[in-house]
There are 2 protein chains.
Amino acid sequence: MAKLTLDEIGRLAGVSRATVSRVVNNYPHIRPEIRERVQKVIAEHGFYPNAVARSLALNATHIIGLFVPNVVRFIFADPYLSALIPEISRACNAHDYTPALFLFHSQDDEQKQFQRILHASMVDGLIVTADRRDKEFMPQLIDRRLPFVLLGRPSKFSDRISYVDSDNRGGAYMATQHLLKLGHRRIAIITNSLNTAADDRTEGYRQALTEAGLTFQPELLAEGDFTELSGFAAMQRLIPHRPDAVFVVSDTMSVGALRALNNAGINVPRDMALVSFDDLPVAATTTPALTTVRQPLGNGALAVATLLDIIKSGDKAPRHIIAPTELIVRASCGAVQSGLT
Amino acid sequence: MAKLTLDEIGRLAGVSRATVSRVVNNYPHIRPEIRERVQKVIAEHGFYPNAVARSLALNATHIIGLFVPNVVRFIFADPYLSALIPEISRACNAHDYTPALFLFHSQDDEQKQFQRILHASMVDGLIVTADRRDKEFMPQLIDRRLPFVLLGRPSKFSDRISYVDSDNRGGAYMATQHLLKLGHRRIAIITNSLNTAADDRTEGYRQALTEAGLTFQPELLAEGDFTELSGFAAMQRLIPHRPDAVFVVSDTMSVGALRALNNAGINVPRDMALVSFDDLPVAATTTPALTTVRQPLGNGALAVATLLDIIKSGDKAPRHIIAPTELIVRASCGAVQSGLT
DNA sequence: AGCGCCTTTGAGAGCGCTCTCAAAACAAAA
DNA sequence: TTTTGTTTTGAGAGCGCTCTCAAAGGCGCT
């Protein structure tokens, strides 16, 4: 099958290239008879317009980039990304956009390509995952006037950029309150102060404590880094301080924490209540299953919708979307008895 | 910053567009003095060539597509994909290509876009994950002369298409032999006959049994579908038949199988040896940790390399890459004692 | 100086599409 | 029939790049 062009189809249908273009793009003001003739030729020969040429003419590629500055070493272990990517793909499909991946594993990788992505106009917009190093990218991104949406709360410039974030603070508040309602008073937390999302969760935890008339106890806070191992270690450090409950800001770390408790012969939820965050698939399969905070709407899909809105409307006014959370009560908090699989 | 073009840079440097193009693309036959002058102007104004225009002129986009026909419902649960995507991204980065994602969640999704991907020439090539429905795509793909590489063994047309596959059969043979060497004779298998990779693994298992003078026992084979839950159920069905060892063709199912054994009060490895396949991160964290078959080289990276070779060389002769496997011995087979974390 | 040869540069076509603008076709009104 | 107005169509420029081809420039030779 020779490569077909508008001209070629036009020749076959006895009309001009412009007319074929109109038919393909469903423009009005075409005689039905001509339209049909052209459509027949197209159907017969299987014409598909060349996406690149179209992009050049329209100055728009219908490609959006997913830019992840700092891919964790063992990405396999990053359930956030694994969930995000298909979600974004799906949202793009629904809107006839194509997602392109820009995952960077090293700063070298990244520096080399960031400028190109920014200026080569091969993407119509960018979804950027938040990162400690926001500050480096944001100014350039803002400057370049390339539409983009940040996934997560920016550490800076929040009033000048669009972002989609979960209600981390609210979710953590809910989680902590749940433990308080169950009668716990020495509530520990395993968090990760290097991460803004985790930080917001700590904030919600503190707020709930304060409102309950309790004071925050520094020795009941342990740091992790979102890995299971770090959750394990953090829990081990907390055990000597005898908390009666623990709020772990991510399911991954909860898995490690459970293991530490198990090793120490501490039964969850009998001896220690645990509430987690994220509701990853693993949360339902641990023993006991995790009571955890879920965000029902996919942030990835929201980000895509927001980005496309910016692109299509041309209105760059920053949009701030905070996705709500809900508490999924399972066994680990002790509010229910059974340890279902 | 106004949008810069070759013409603009040329004007600023007092040369023609063609000369600037030559400088940008590092062509020989340019007077050093001119080259420097142009480079200076480019550096000063921060020029980046427009990728789309270049693609049109070169009839090549430097984008390759990752085409996944049948994304499992809960993709979060698909460790294969989660590992694959960053791997491919990385390999693309290294070769200055951009990966585009075509993940399809429904046949509708898919049908709508497959033709477009195929004909719109927005990608230079495709990496396609193998699937039961190979047959539908392969002929069109072959026909279209779009370079592509299949990840996994094709169920058909193997002599006409390029593919990268793990040595599933060899790995399974090794795993089974390991169990045989440990003295086990009633070796069960949990597999998934709907999947070619799992099928190849079953094949290797049978071969090892046969070579050891044992005959394959149908009641010792249970079907799963790669989910943890199906592994759990499959193991429950096997237990009554009293195997003394089990080969599970994927780590995910092994996790479920372990849970079933645990529930039944059967200790692994004391009462039952288990060998798995994949060496996903989870394999190291189960209790006991899984003895499992790993493929050391990333198939994703191999696929990218192969695809780019096809694209760049223009030689479409089918390439068949079989990636070797190795056995990672941990606790679940009983060959070592300790149940390390 | 005149000639031929090699290197360096620019003009211009071409990639396949969109979109403006003016011409052509048609319909309705005079 | 002519005129006016509306709809439909085509010609052609433009998107920003590459690449061919021919012209210009530089060089050494006779």
Side-chain angles (χ1 to χ4, degrees), chain A residues 1-39 41-42 45-63 96 98 116 118-124 312, chain B residues 1-39 41-42 45-63 96 116 118-124:
Chain A
M1 169 168 42
K3 203 184 290 178
L4 290 176
T5 65
L6 283 186
D7 272 305
E8 191 68 8
I9 296 291
R11 207 179 49 74
L12 292 168
V15 297
S16 79
R17 168 187 50 201
T19 300
V20 181
S21 173
R22 288 186 184 104
V23 171
V24 168
N25 295 294
N26 264 312
Y27 278 26
H29 307 313
I30 299 206
R31 259 190 303 162
E33 166 206 343
I34 297 260
R35 180 184 297 272
E36 271 169 38
R37 194 164 82 219
V38 173
Q39 278 171 338
V41 174
I42 290 179
H45 294 79
F47 167 76
Y48 288 85
N50 182 303
V52 178
R54 178 177 261 172
S55 296
L56 182 61
L58 291 175
N59 192 25
T61 57
H62 265 224
I63 296 176
D96 278 314
T98 297
R116 203 173 47 84
L118 221 50
H119 297 277
S121 69
M122 69 172 318
V123 297
D124 291 349
K312 289 177 180 169
Chain B
M1 168 166 49
K3 202 184 289 178
L4 289 175
T5 65
L6 282 186
D7 273 305
E8 192 68 8
I9 296 291
R11 209 179 47 74
L12 291 168
V15 297
S16 79
R17 169 186 52 206
T19 301
V20 180
S21 173
R22 288 185 184 107
V23 171
V24 168
N25 295 295
N26 265 313
Y27 279 25
H29 307 313
I30 298 205
R31 260 190 302 160
E33 164 206 343
I34 298 261
R35 180 184 297 271
E36 272 170 38
R37 194 163 82 220
V38 173
Q39 278 170 339
V41 174
I42 290 179
H45 294 79
F47 167 77
Y48 288 85
N50 181 303
V52 178
R54 178 177 260 172
S55 296
L56 183 61
L58 290 175
N59 191 26
T61 58
H62 265 225
I63 295 176
D96 278 312
R116 203 174 46 86
L118 221 49
H119 294 101
S121 69
M122 69 172 318
V123 298
D124 290 349

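Per chain, numbering begins at 1; letters A, B, ... match sequence-line order.
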If only side-chain N and O atoms of [X] are considered, is one of them under 4.0 Å from the OP1 or OP2 phosphate oxygen of [N]?
X       : N      : value
B/Asn25 : D/dT18 : yes
A/Tyr27 : C/dC19 : yes
B/Ser16 : C/dG10 : yes
B/His29 : C/dT8  : yes
B/Arg17 : D/dG16 : no
A/Thr19 : D/dT9  : no

Do [X] side-chain atoms and [Y] backbone N/O form a donor-acceptor pair below 3.5 Å?
X        : Y       : result
A/Asp124 : A/Ala60 : no
B/Arg37  : B/Ala13 : yes
A/His62  : A/Asp96 : yes
A/Ser55  : B/Val52 : no

Nucleotide [N], atom [atom2] - distance to [atom1] of [X] in whole Å:
X       : N      : atom1 : atom2 : answer
A/Arg31 : C/dA25 : CZ    : C1'   : 8 Å
A/Arg54 : C/dC17 : CZ    : P     : 8 Å
A/Asn50 : C/dG16 : CG    : C1'   : 6 Å
B/Asp7  : C/dA11 : CG    : P     : 10 Å
B/Ile34 : D/dG26 : CD1   : P     : 11 Å
A/Glu8  : C/dC17 : CD    : C1'   : 15 Å
B/His62 : D/dT18 : NE2   : P     : 12 Å
B/Arg22 : D/dC19 : CZ    : P     : 10 Å

Which residue, A/Ala18 or A/Pro32, contacts DNA chain D at a nucleotide closer to its 5' end, judged by nearest heavy atom?
-> A/Pro32
Considering only heavy side-chain atoms of A/Val15, the closest of C/dG16, D/dG16, D/dG10 is D/dG10
From the list B/Leu4, B/Leu12, B/Val15, side chain to side chain contact (heavy atoms under 4.5 Å, CB included) partner of B/Val41 resolves to B/Leu12
Looking for any heavy atom pair under 4.0 Å, which part of the strands does [X] touch: base, sugar-phosphate only, or nothing?
X       : result
B/Leu6  : base
B/Leu56 : base
A/Val52 : nothing
B/Leu58 : sugar-phosphate
A/Asn59 : nothing

Which atoms form the tightest heavy-atom contact between A/Ala51 and B/Met122, and what is the distance?
-> CB-CB, 3.9 Å
